[in-house]
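Remarks on the structure that follows.
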Amino acid sequence: MEIGIIGLPNSGKTTIFNALTGSDTATEAFSSGQVEVHTAVVAVPDPRVDALSALFNPKKTTYAQVTFNDIAGFGKGAAKAGLAGPLLNAIAANEALMLVVRAFEDENVPHPDDSVDPARDITVMEGELLLSDMAVIDRRLERLASMKNRGTPEERKVMAAEEELLQRLMAALEDETPLRDIELSEAERKSLGGFGLMSLKPLLIIINQGDDDDERAVAPLLDARTIALRGRLEAELAQMDPDEATEFLADFGIDEPGLHRAIRRSYAMLNQQSFFTVGEDEVRAWTVSRGATAPEAAGVIHSDLQKGFIRAEVISYGDLMDAGGMAEARKLGKLRLEGKGYVTDDGDIMSIRFNV
Ligand SMILES: Nc1nc2c(ncn2[C@@H]2O[C@H](COP(=O)(O)OP(=O)(O)OP(=O)(O)O)[C@@H](O)[C@H]2O)c(=O)[nH]1
Ligand SMILES: [Mg+2]
């Protein structure tokens with residue numbers, strides 16, 4: 001799962017990236033304007049994995065992972081002519097976007113619009129995503145028009161369907177509706193895959209507050225897809241050893257590090273869930289789409305497990321913990337044998353039977 005961090009220049013993208021990933025990438029008040037992507041892979045904190053690890057005492061414990069990409073800033077007007085190639089490519093490579101919006105005041109850090117106004121900046125940036133998509137769709141429609149009357153009847157049918165779909169999307173964009181809010185069939189989604197449409201991607205908004213700011217100051221902006229973080233503070237926190245961090249969290253009245261909240265929201269937003277494999281060798285969390293079947297889940301572990309899937313032995317995390325161990329759970333009849341049609345649940349513990 002890759003999440004691209006975007007936002008206006010100097011909004012604090014690299015600071016938030018450092019906070020989320022525990023990196024120590026240099027931040028600067030004046031950007032070079034070059035497309036340079038910082039990447040870090042982060043383990044998804046999950047108390048269930050900790051508890052399973054305590055229960056099985058494995059040689060290795062592996063958390064689910066998410067990759068954050070800190071992408072160069074782009075601002076108002078950037079999307080008019082279509083975002084420049086390298087920037088568009090850097091953003092298109094992500095499954096979801098994290099928009100960083102500045103709320104911190106600091107005279108030494110210039111704002112491209114000369115004032116701090118997070119509500120305005122959210123509107124500006126969402127507008128840029130829509131404009132960028134319009135430019136992409138416009139170009140594609142022109143190309144389709146130039147190919148009219150060419151190709152086999154079958155090819156023409158495909159092109160006509162694509163044109164109709166793109167016109168529908170264009171109408172939505174003109175109406176200021178992001179494409180993620182449009183209902184699309186699986187096939188339509190697939191046909192759009194190569195275009196790098198930005199407003200199609202799930203979007204999580206991070207409001208970057210100053211060290212002494214209170215979340216209540218931006219309360220009207222907070223919703224299911226918007227959270228507030230004190231970026232610089234959290235970046236400092238991410239550099240501390242655990243004891244120091246605990247004290248620091250208490251001092252600043254932070255319930256839990258922003259990383260945990262941001263990851264949880266990202267997971268929900270991406271329609272993802274976790275299942276676990278357990279044993280003496282390894283306790284491990286895996287990421288699947290919500291609604292994934294048992295064979296699809298098996299395929300995340302290895303394609304052979306999906307191909308040769310016979311059945312899965314499944315127990316819910318809660319049942320296992322209640323029983324206090326696998327042997328006890330088995331005695332209580334809590335382990336289920338599930339076939340190919342089984343739809344996995346968040347927190348399932350699975351053991352796959354397969355045959356290749
Ligand atoms: N006071 C304060 N300063 C911050 C905060 N977050 C970032 N800054 C400062 O703002 C400046 C820009 O931060 P960056 O994280 O580099 O911003 P950016 O969005 O990555 O900038 P570009 O990549 O250049 O577009 C740096 O000087 C940071 O130290 C914050 O929460 N409070
Ligand atoms: Mg930066």
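Judged by distance alone, the side chains of Asp133 and Ser199 do bring a donor and an acceptor atom under 3.5 Å apart. There is no side-chain donor-acceptor pair under 3.5 Å between Asn208 and Arg102. A donor-acceptor contact closer than 3.5 angstrom links the side chains of Arg120 and Ser115. In this structure, a donor-acceptor pair under 3.5 Å is absent between the side chains of Ser23 and Thr25. A donor and an acceptor atom, one from each side chain of Ser53 and Asp50, are nowhere located under 3.5 Å apart. Between the side chains of His111 and Asp121, a donor-acceptor pair is found at a separation under 3.5 Å. Counted by atom type alone, Asn69 and Asn94 present one or more donor-acceptor pairs between their side chains at under 3.5 Å. Of the N and O atoms on the side chains of Tyr63 and Arg284, not one donor lies less than 3.5 Å from an acceptor on the other residue.
Counting only heavy atoms from C-beta outward, the side chains of Leu165 and Ser191 approach each other to under 4.5 Å. In this structure, Leu221 and Ile205 have side chains that are not in contact, with every pair of non-hydrogen atoms separated by 4.5 Å or more.
Checking side-chain atoms of Asp348 against main-chain N and O of Asp345 turns up a donor-acceptor pair under 3.5 Å. Remark: the backbone N or O of Ala224 is paired with a side-chain donor or acceptor of Arg265 at under 3.5 angstrom. Checking side-chain atoms of Glu234 against main-chain N and O of Gly258 turns up a donor-acceptor pair under 3.5 Å. No donor-acceptor distance shorter than 3.5 angstrom exists from the side chain of Gln306 to the backbone of Ser303, with no hydrogens or angles considered. Of the possible donor and acceptor atoms, none in the side chain of Glu164 sits under 3.5 Å from a partner among the backbone N and O of Met159. In this structure, Glu163 contributes its side chain and Val158 its backbone to no donor-acceptor pair below 3.5 Å.
The line from CD1 of Ile122 to OG1 of Thr226 is 5.5 Å long, rounded to the nearest 0.5 Å. To the nearest 0.5 Å, atom OG1 of residue Thr61 and atom CG of residue Asp46 are 12.0 Å apart. Here CE of Met350 is found 11.0 Å from CH2 of Trp286. Values are rounded to the nearest 0.5 Å. Atom CG of Leu131 sits about 9.0 Å away from atom CG of Leu173, to the nearest 0.5 Å. Note that the CG atom of Leu99 and the NZ atom of Lys13 stand 9.5 Å from one another [nearest 0.5 Å]. Here the straight-line distance linking atom CG of Leu166 with atom CD1 of Ile137 works out to 5.5 Å at 0.5 Å rounding.
Neither Met326 nor Val314 shares a network with the other; the hydrophobic side chains, linked directly or stepwise wherever heavy atoms of I, L, V, M, F, W or Y lie under 4.5 Å apart, form separate groups for each. In the hydrophobic clustering of this structure, Leu233 does not group with Ile263; members are Ile, Leu, Val, Met, Phe, Trp, Tyr whose side-chain heavy atoms approach within less than 4.5 Å, directly or through other members.
With respect to the salt-bridge test (charged N to carboxylate O, under 4.0 angstrom), the residues Arg168 and Glu188 qualify. By the 4.0 Å N-to-carboxylate-O rule, Lys201 lies too far from Glu95 to be salt-bridged with it. Between Arg230 and Glu236 there is no salt bridge, since none of the side-chain N atoms of the basic residue sits less than 4.0 Å from a carboxylate O of the acidic one. Taking 4.0 Å as the cut-off between side-chain N and carboxylate O, Arg156 and Glu162 do not count as a salt-bridged pair.
More than 12 heavy atoms of other residues, nucleotides or ligands shown are found within 6.0 angstrom of CD on Glu256. For Glu186, the CD atom is loosely surrounded, since the number of other residues' heavy atoms within 6.0 Å does not exceed 12.
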Residue pair Thr277, Ile301: steps toward the side-chain contact (heavy atoms from CB on, under 4.5 Å) verdict
CA-CA 9 Å; Thr277 50; Ile301 302 174; 3.9 Å; yes

Run the side-chain contact (heavy atoms from CB on, under 4.5 Å) test on Leu52 and Ile349 for me, step by step, so that the C-alpha distance in whole Å, both residues' side-chain angles and the decisive distance to 0.1 Å come before the verdict.
CA-CA 10 Å; Leu52 289 171; Ile349 292 148; 4.0 Å; yes

Let's go through Ile3 and Leu204 carefully: what are the C-alpha distance in whole Å and the side-chain angles of both, what is the deciding distance for side-chain contact (heavy atoms from CB on, under 4.5 Å) to 0.1 Å, and is it a yes or a no?
CA-CA 9 Å; Ile3 300 181; Leu204 181 66; over 6 Å; no

